[in-house]
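Numbers for residues simply follow the sequence, beginning at 1.
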Amino acid sequence: RNASIFKSPSISTYVIAASLVLVSSLSVAVWSWYGSRQNLRKDIQVTLSGGMAGARDLVRNKVWVYTEALNGAAGLFQDAEYVDKESWGRYVRNLDAARRYPGLQAISYSDVLSDNDKQAYIDARRLDTSPDYQVTPLGQRSYYVPSRYVERVKDNGKPLIGFDLSSEPIRKKTMEWARDNGQASI
């Protein structure tokens, strides 16, 4: 009788024991993976929320800085009876825009005019701005906001003199909102 107590376990006992260890290990691994996944998801949400708030604040800051440049330009026009191409260029160069406003490609002064005033405006700009001045894109609109003076901060090769900012729906809507609310807008 004593010899039967110390008998070797059968192969099925080893299989059952190994299966239990395997199932237990897999359960712990799945539970750990699931917990890590949940923690990672929470970390991503916290990071994105903080990142979005930081990005929002960065954009607000940049808009404020660029608004200050616009306010300076408004001061230039209020202080002078007439601003010509040279005084506009001097103003923009004094801004040191390439360094102070790194995202800026150009700073332009644009007029607002009705369709009835368009041809007389073009004729005047051909005398004081450029002999080939043209409001672009071509076409008839209720009003125009063509660039009169443009000082490039970065050269991107696009012709800007005479470009009608109101010809693009998003810019037009943004300008109208700014006009109606008395605030800069992007």
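To the nearest 0.5 Å, atom OH of residue Y149 and atom OG of residue S87 are 7.0 Å apart. Considering NZ of K173 and CD of E168, their distance stands at 15.0 Å, rounded to 0.5 Å.
Side-chain contact check for Y143 and D115: no donor-acceptor pair (N or O, by modelled atom type) lies under 3.5 Å.
Residues W88 and I107 are in side-chain contact: their nearest non-hydrogen atoms beyond the backbone lie under 4.5 Å apart. Proximity of Y121 to Y133: side-chain heavy atoms (C-beta onward) are separated by under 4.5 Å at one or more points. Proximity of L160 to R152: side-chain heavy atoms (C-beta onward) are separated by under 4.5 Å at one or more points.
The cluster map of Ile, Leu, Val, Met, Phe, Trp and Tyr, joined by side-chain heavy atoms under 4.5 Å apart, puts W177 and M175 in different clusters.
Proximity of a side-chain donor or acceptor of D117 to a complementary backbone N or O of L113 within less than 3.5 Å is not detected.
When each of S110, P137, S108, P146 is tested with F163 by the rule side-chain contact (heavy atoms from CB on, under 4.5 Å), just one qualifies, namely P137.
A pairwise comparison of heavy atoms in A106 and V150 identifies CB-CG1, 4.0 Å as the closest pair. Listed here is the closest heavy atom pair of Q134 and I122: NE2-CD1, 3.9 Å. Shown here for L165 and R171, the closest heavy-atom pair between the two residues is CD2-NH1, 3.1 Å.
Within 6.0 Å of NZ in K172 there are more than 12 heavy atoms belonging to other residues, nucleotides or ligands. Residue I170 qualifies as open at atom CD1: its count of foreign heavy atoms under 6.0 Å is 12 or below.
Residues in residues 121-133 take part in these salt bridge (charged side-chain N to carboxylate O under 4.0 Å, His left out) pairs, two or more places apart or across chains: R125-D128.
The side chain to side chain donor-acceptor pair (under 3.5 Å) search around D96 returns R99, not counting sequence neighbours. The side-chain contact (heavy atoms from CB on, under 4.5 Å) search around D180 returns none, not counting sequence neighbours.
By the 4.0 Å N-to-carboxylate-O rule, R141 lies close enough to D164 to be salt-bridged with it.
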